[in-house]
Every structure is written in C-alpha cells, then in structure tokens.
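The structure under discussion appears below in the form of structure tokens.
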Amino acid sequence: MNDTTTQVPESGPRYDFTAAEPKWQAAWAGRACFRVEDVPTDGKPKYYVLEMFPYPSGKIHMGHVRNYTLGDVVARYKRARGYSVMHPMGWDAFGLPAENAARERGIHPAKWTFDNIAAMRTELQRMGLSLEWEREFATCQPEYYCHQQKLFLDFLQAGLVERKESWVNWDPVDNTVLANEQVIDGKGWRSGAPVEKKQLSQWFFSITQYAPELLDALDHLDRWPERVRLMQANWIGRSEGAKVTFALAGSTETVEVYTTRPDTLFGMSFLAIAPEHPLAAAAVAHDAQAAEFVAECRSRGTSEVTIEAGEKLGYDTGLRVEHPFIEGATYPVWIANFVLMEYGTGAIFGCPAHDQRDLDFARKYGLDVTPVVLPPAADPASFSLGKDAYTGPGTAFNSGFLDGLDVDASKRAAIEKLESLGVGKGLTNWRLRDWGVSRQRYWGCPIPVIHCGACGTVPVPDDQLPVRLPEDVTFDRPGNPLDHHPTWKLVDCPSCGKPARRETDTFDTFVDSSWYFARYCSPKADVPLVKAAVDHWMPVDQYIGGIEHAILHLLYSRFFTRAMKDTGHVSVEEPFAGLFTQGMVNHESYRAPDNRWLYPEEIEKHADGSVTMRDTGQPVTVGRVEAMSKSRRNTIDPGAIIARYGADTARWFILSDNPPERDMEWTESGAAGAFRFTQRIYRLAEALDGIPAEIMPDAFGPAGRTLRRATHRCIAAVTESLENFTYNVAVARLYELANAITDGERATPEAGLAWARREAVEALARLSSPMMPHLAEEIYARLYPDSSHLVAELSWPEADRALLVSETVTIAVQVMGKLRGTIEVAPNAPADVVLAAAEADPNVAKALEGKRIVKRVHVPNRIVNFVVAG
RNA sequence: GCCCGCCUGGCGGAAUGGUAGACGCAGCGGACUUAAAAUCCGCAGUUGGAAACGACGUACCGGUUCGAGUCCGGUGGUGGGCACCA
C-alpha cells in the first residue's frame, strides 16, 4: 500500500494524536519531568543516556528518528526504574557544508547553521523525546569553543600536542588540505584538480602516546559491541618485532629497518626504502634517474588505481648494506614504491622466501630467493618456492646459529643476538598515527596560538580567550577566509609585543565532538568542566549511534578523555561505559522507464504487485532496498510521517520491525500497521469507559485468571527485552497482550474480569510508554482521570511472580527425538506421573508399539524423550 | 590478501541445547455494510492425505548429544572493517 491507499479514515481517528501529542509534551515540560541537577543531591543512582548529537543539516532524517527513539526508550525506562537520568541534546555545528552554503548561496555560515538548528529542534521536539533542553548547546558557539581552546592549551602544556611537518593531500585550486576521503582517483572532490603531496606544518594530538592503553582498555569495555572493539584494535594495530640497524658498506652511515620477522634475516636478499626516505633524497641529489623514479612514485602515490593493481616498482641505488650476522655479505639498497615512510622506519629488509610482497619484487627484478623456514615435513634439500611465499610455521634452516629453532624461538634468539651485537632490539610498533587536527577552513574552532618571528609559537593567554571567529569574512575566492581576512590574523605577540600572526587554521570538527559529552554535565560553567558534575555523571552509561563512527569519533573521544584526565579535568578514562550501534534505515528505490530516480510520492503500487508512475501510469522499476539518499530519491521525510500518523506511530514502527542493531527497511505498510495498533489499543482503553474502577476482587474466574497471567508475563517479558535492547521482541509481547485483552473482552462475563481487563490495559499503556509516551499518557489519564501523576513520573510495573507460573504445563513427548505428542500436567509433576501420562498418549503409544524402551529422559516442565530399541 | 560478522516461511523476524516459525507485514477466506473504508473472525513452511496423521524442513557436508537453528570441524554464499603496515 502507499500514500493514497492508506489514508486516515474520513471519520477521523478516535485517538486524536494531533491534539494529544502537543498536550503531553507541554505537560512534561511544565512539570520538568526530565530535569536533573549538575550535581544532584537526591541520592538516586545516576544514569547518563546519550545519542550521538546531530549535524544541523536542516532537516532530521529517519536515521535520527531511529537513533533518538532508541535513546529515549532507554531514558524513559531507566527513569521509571528509579534512576536519575541525564538525557541531553546539542549540535555538532561546525563543518564544511555551512561554508559550501556560503559559497553557493551567499548565506553566512552562522546564519545557515542557526536557522537549521531552529528547524531541527522543532522537529525533534515533535517526536516527544524526554530530553533536557536546558543543557542544549552548539559547538559553534564561543561559549563552547572557548573551553575547547582552553583544553587545547592545557594539552599543549602537558606535552600532548605538537606541531610537526607532515605530508598532506593538497588541492592546488582550492588551496586547501584534503582528507583522504576527499581525494577521488587522485583528484580533488570539488575542484577536480590533480592532488599534490605537500609537506605542511600542522598541529597534531599525540594520540600515539596512548596507543598501548587505548588498546588494552578495550578488553574492559564489556558493554561495547565486540565488532567495534575489534575494529579499534585493528586500527591501533599493535605489532611485535625488532628494529635492525644496517651499516652502509664503505661508509659510517646506517639504515634502520623495522621487521616482525627477525628470524628470517638469513634469507635477506635486498633492502628497500620508501621514496620519501632521507637516503632516497640523498640518492636523488646525484642521480637523475633516481630523481625521476621518486617523482613518479610521488605522482602515482595517491592514485587508488596504482594501489589496487599492487604493481611493485623499484630502483637500485647502487648502495649496499652489510648483513648484521654474516661477515662480509652485502645486499643492494632499492627505492621501492611499496615501502611506506609513515610506518616503522620507512625501510625494510627483503626476505622474498617468506614475504609475498618481497617475493613479487624479487621475481620482477631477478633478486635471490633463499628459504630459511622449513615447513613441517618438508625436505630441506628440495624445498623451494614458486609464486607463493611461505609464511606458515616451521623450523629455521640455512640460518647459521638459528638452525633448528621454531619460528618463535628463532625470533627471540635473533633479537637477543642483535641486542648483544648492539645493532638492534626488540620493538613494538603501532599502526595508529598521531591525529592531525589543522584544517584550512573558516567554519571551525580557531586554534588559539600566535606565531611570532622572535618567540616562535606562543599560546594565546587565558584572559584573551576565546579567540573568536570574525564575522565579516568573504567567500568569493578559494582558500581559507580567515587567511584572507584583512586584519584578523594581525596581532601583537603576547610574549614580546612585536607584530605577530595568528594561527589561521581551525580544528578538525572531530575535536568538537571529542568532549561534548562531558560538557553536558555542566553546560553553562565558565570553565570547561566542573569536576563535581563530571565526576557525578561520567562516564556515559549508554551511548547510542551509528556504526560509521566505530573508529574515529569513538577513538578520538577515548583519547580526549584520557588527555582531560591527565590535565586534571575529569577522573574517568573511558567516556562511554556502554555503547550501542544501531543499523541504518533503508528504503526501496524506484526508477522511471527513462531510468530517472523517482520519489516514493511519485509512484503507485497496485494489488497485483505492479508499480506505476502516479501521473503517467508508466511502469516503474523497483530497485534495491538501500540506504536513504537524496541522489536516489528514496528518502522518507520524518516530518511528513509525524504529521500524518503522529510521533508515537513513527517511534513504534521504527522499533518494531527488527533488532535495532540491524539495518531496517522503512515501509509504508509497516508504518500504517503501527498506526492501526495505536488506534487499537486506544479502543481497548475506551471499551472500559462505562466500567467503574473497583477494588481488586478476592478471586477470578477462568478468563480473568488467563488474562492476568498474560498481563504479568508480559510485564516480565517486556522488562527483560528492554534490558537486552531487543525492542522488536518487546513490541511483539505487547501485541500479544493486546490480543489477550481482546480475548478477555469477548469472554463470557464473570466476576472480576472487568478488573483484570483494567489491569491489563493499564499495563499495556505503561509498558509501551518508553516507546509510545503520548498514547500511554492519554490512556492512563482515561483510566484514572483523577490521577495526580503522569506516566512519565510513575515507577516501572512489577510482575506478580505467583502469576508467572501456569496452572498446567504442556510437555512435549518425543520418541527417539521426534515429537509424537504433547501432554498437559500440573507444574513440577513428579517424573513417574509425567512418564506414565506420556506413555498413555495414544499417538505416543502407537510409536512405542513393538519397541523396547531403553531410556526415559524427563526434563521437568519441558520434555519427555523415549529412547527405544527393536 | 588479513581480520570479523551473518545465512530460519512470500517478507521483517522469534526461539535459556528441549514442541522451529512467536509477533508483525503482505496474502487468502469469511462476518458486518446498499457499497466502500474502518473493524472483527478464521487460514496460512513444503509435501502426501477427505481427515486423523505422516514425510521433509533453520545454506551445504560431517561430528558431539537421549535431543542441535543453537555447540564443534569443514564447504559455499553474503555483508563489513583494514589493506603494499614489513
């Protein structure tokens, strides 16, 4: 079904969400249901729920709806469980789109951003989220970034920040640094100009200082998805090996190499250095061919095509190095395109027999291949290598003093020898690089330093913070508007007073999001963080967001928290005790006969399954279910859904379809089904209108007992599902309860049944309140017009344990593991009674006929299995 | 290439080693209605059978177990992360 066939009935819904939703939102706000203190004194246990804050693009999308609904379920549930819950919201407000809007449409980034924030705040408020808006801030406000500058200066003083030269992707047309993702086929994503590699002086956070603990602490993040921990571990990339110093033959100079396989040193046949290696620079100086080769590597370096092809290119410098163990042996030094300057020492020793890249290289340039690790059961006399290097376990041979040792022992012995000879040592290496944070952009947090010709780099003194962005900037030419500003960068040196120049780079926006979670604890404070507040609320107990942030944002935040601890701002090391990564919201895509993408509103679905264009009737091709994107036109606007069905329906459907960590498909029919359910449970409450609330009867009839058991089982099951993040199962249990209430409505009237129905409807409303908070209030108010409490203020329902036990249990009876019947017995009936009943079942008896029972398995209240022979 | 998930009806999915397919969506049959919408009732893995009931069935092959969607080993498919990382 689609937009036209699924209309709200003409007569209007009985539950009028258009009136109810704003009413209850106002009620929550009026009674400050979601307010907490920075430093509470109520003695309640704290719970900090946070969803990744949005970038203010202008409109919320379905991913936001899913993210914030999931967080709101947690927040509302935990509040009902007696926790004092902090649930704040804000804006990740710096970034390139605002500058693009300025360049393309002449709107100032600040205006664009704040207009978007206003629009999105309204949309989020319509969702009925239990947010504490009093803590709201945007990272582009000086009241926020002022403190970020202060943190940076503290980090600088603590030695956690450094300025160093680094190779960057430089767009020569836009005059800016490009992130790796912004380089497409070696060209700038906006300008299309070939990207150059350029060395620039940039600011770096020394995240590598924390590499060991960032890795080790992952083991203790037991409420993080295993997948995310693994991705981070791979990203940090610890590797054990050795540093080896090679002497250049006929010279006093040396080359250092990092290797994880010191056991294969006897299999060496060459040494290779990166094109950017200092030794390569020296070769270039007096060798035109070397210069040509290095230049070629540089131009091809960023091309993904080259990397994909994996073609190994090299140039023999003519230099030779001496072997650390073999007296008199020397090996050629090559410049090779597959050696990376950024990893290890920018130089490797090549052992072709036991490394695939080295083997490819050796085969191409005719270098020696000497095996030194003998696979188990291989013959040393005949073992040789073809196209594949041998990297498995084995025994060292052709290796002098290492002969006969297994790989691990051989590694240890080689390192010991290197150390005793003074030409190497064991070393742990990391894949993680320092975090470059300089961006040549306007719409970001200014880096608070001043460059002075006499004093060097001088921090901006505290009393001059914040360094504010100038508002009068122009975007009429490429490059950094801060740099173009006529006066902003011209300042006096705070140290010597002479004319100096402000840093015109701004921070990577990942910096803004690396500490916002801590700022929420004391968002108005005139220091970055109030210790008492962050010590109370941190860490975030449940953080929720997309898997796309599994590495960078989460790793940077973990680093930042450690850095803030080491500079005395917080006491915790880990920012997020619990992490939940949600799946994406996908939708079908549609194409017209001319292959043009169509919006969902432009198509019509028919009963026979065909799909046509609404205006012309032409056939439509239904494409894959994939991520909503503007270019594929398969987006669904949450605002339109909320206007048609209400926020509760949107929230309910987005929770009901599948487990929250998986990708889901937004379907019109599913949303319509969710809407029908909201109407249905309202009717269940309405059906009690004429029936006065009475006191609980002493006894119930059979229908009443059945319904009460369904109610209390539902309480237990929904509670468990909410604890486990299996919200789709919680939804299913609530549907079951609704079905049970319908059965109760239809049952022959009996004493107490009305009471049981009222109990069930109340439970249904309260158990669904984390998901559908407005409807829950509406139903509760209908059941208890005189109540002085909102559902948002009530504690969570408790299941009566006595009612969780059935009056009878159904036991499956198997013969040889195959189901042959079921029997009804009293709970915990003794084994002999159960077995006798099982054998008496006609169908079971038939299966047992003529057989001898060898074994009787009885699992109380569950199953009986007869093992037979003959 | 390395590392890690996942694979259950038409669809999304449920199932502490114990009756596979809860619940929803889509579908079919029926009630109500002048009619439609809405609502309600019923059916529904495949297959044989009028039915009772039976056979098969959680990607495939094998193992452990009285009993396997679930645990173990292998194969295939699929998705993701990293990627000349020495």
Side-chain angles (χ1 to χ4, degrees), chain A residues 1 5-11 13-14 225-235 237 239 241 257-261 264 272 306-312 336-340 342-351 354-358 360-361 391 429-433 547 550-551 607 609 625 653 656-659 662-665 667-674 676-677 679-680 683 717 726 728-739 742 746 810-822 842-843 846 854-859 861-868:
Chain A
M1 291 210 263
T5 54
T6 309
Q7 287 294 354
V8 171
E10 288 299 315
S11 57
R14 293 203 242 183
E226 184 58 30
R227 184 157 74 116
V228 174
R229 291 192 283 170
L230 256 161
M231 281 161 71
Q232 292 220 349
N234 290 339
W235 187 264
S239 100
V257 151
Y258 175 74
T259 179
T260 55
R261 295 298 300 273
T264 63
T306 314
I307 293 169
E308 284 297 316
E311 193 190 355
K312 309 271 181 293
N337 68 337
F338 68 91
V339 180
L340 306 175
E342 308 89 83
Y343 186 77
T345 61
I348 63 159
F349 85 83
C351 175
H354 305 293
D355 183 286
Q356 193 60 49
R357 289 156 312 183
D358 295 351
D360 295 345
F361 191 76
T391 55
N429 218 339
W430 303 88
R431 194 187 155 283
L432 185 67
R433 313 283 155 73
I547 187 73
I551 297 173
V625 174
F653 175 60
S656 67
D657 208 39
N658 63 0
R662 279 190 225 174
D663 288 354
M664 69 171 287
E665 184 191 0
T667 61
E668 289 299 310
S669 54
R676 283 198 300 273
F677 186 66
Q679 297 299 320
R680 182 175 163 212
R683 277 195 306 275
T726 50
N728 54 322
V729 181
V731 165
R733 297 292 166 252
L734 288 163
Y735 271 105
E736 285 175 346
L737 180 56
N739 292 343
T742 302
R746 263 151 239 255
T810 308
I811 290 185
V813 184
Q814 298 178 339
V815 177
M816 295 299 279
K818 275 190 186 297
L819 183 71
R820 295 299 171 189
T822 57
N843 213 39
K846 204 172 91 188
V854 201
K855 188 173 178 186
R856 295 173 171 83
V857 179
H858 173 232
V859 181
N861 301 328
R862 285 200 178 272
I863 206 158
V864 167
N865 189 15
F866 295 108
V867 184
V868 296

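The sequence lines fix the lettering, A, B, ..., with proteins before strands; numbering per chain opens at 1.
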In whole angstrom, give the distance that lies between atom [atom1] of [X] and atom [atom2] of [N].
| X | N | atom1 | atom2 | answer |
| --- | --- | --- | --- | --- |
| A:R227 | B:C82 | CZ | P | 12 Å |
| A:E342 | B:A83 | CD | P | 11 Å |
| A:D358 | B:C84 | CG | P | 15 Å |

| side-chain N/O A:K818 vs B:A68 OP1/OP2, d < 4.0 Å | no

| Can a side chain N or O of A:R357 be found less than 4.0 Å away from OP1 or OP2 on B:A83? | no

| said: Over all strands shown, is A:W430 touching base, sugar-phosphate only, or nothing at heavy-atom distances under 4.0 angstrom? | reply: nothing

| Strand RNA chain B as a dot-bracket string - pairs counted if Watson-Crick or G-U with both distances under 3.5 Å, | where the partner lies in another strand | (((((((..(((.....[....))).(((((.......))))).((((....))))..(((((..]....))))))))))))....

| Could you run down nucleotides 9-24 of chain B 5' to 3' and tag each one B, S or - for protein heavy-atom contact under 4.0 Å? | ---BSS-B-BB--BSS

| What is the ring orientation for A:F677 with A:Y735, classed by angle as parallel under 30°, tilted 30 to 60°, or perpendicular over 60°? | tilted

| query | Can you tell which of B:C82, B:C3, B:C66 lies closest to the side chain of A:I551? | reply | B:C82

| message | If you define the side chain from C-beta out and look only at heavy atoms, does anything of A:V228 sit under 4.5 Å from A:I547? | response |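 A:V228 reaches A:I547 side chain to side chain.
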
Which value, in whole Å, describes the distance between the [atom1] atoms of nucleotides [N] and [M]?
| N | M | atom1 | result |
| --- | --- | --- | --- |
| B:A15 | B:A68 | C1' | 13 Å |
| B:A20 | B:U39 | C1' | 33 Å |
| B:A22 | B:G30 | P | 24 Å |
| B:G57 | B:U19 | C1' | 15 Å |
| B:C40 | B:A52 | P | 29 Å |

| field | First encountered from the 5' end of RNA chain B, between A:G670 and A:N234 | value | A:N234

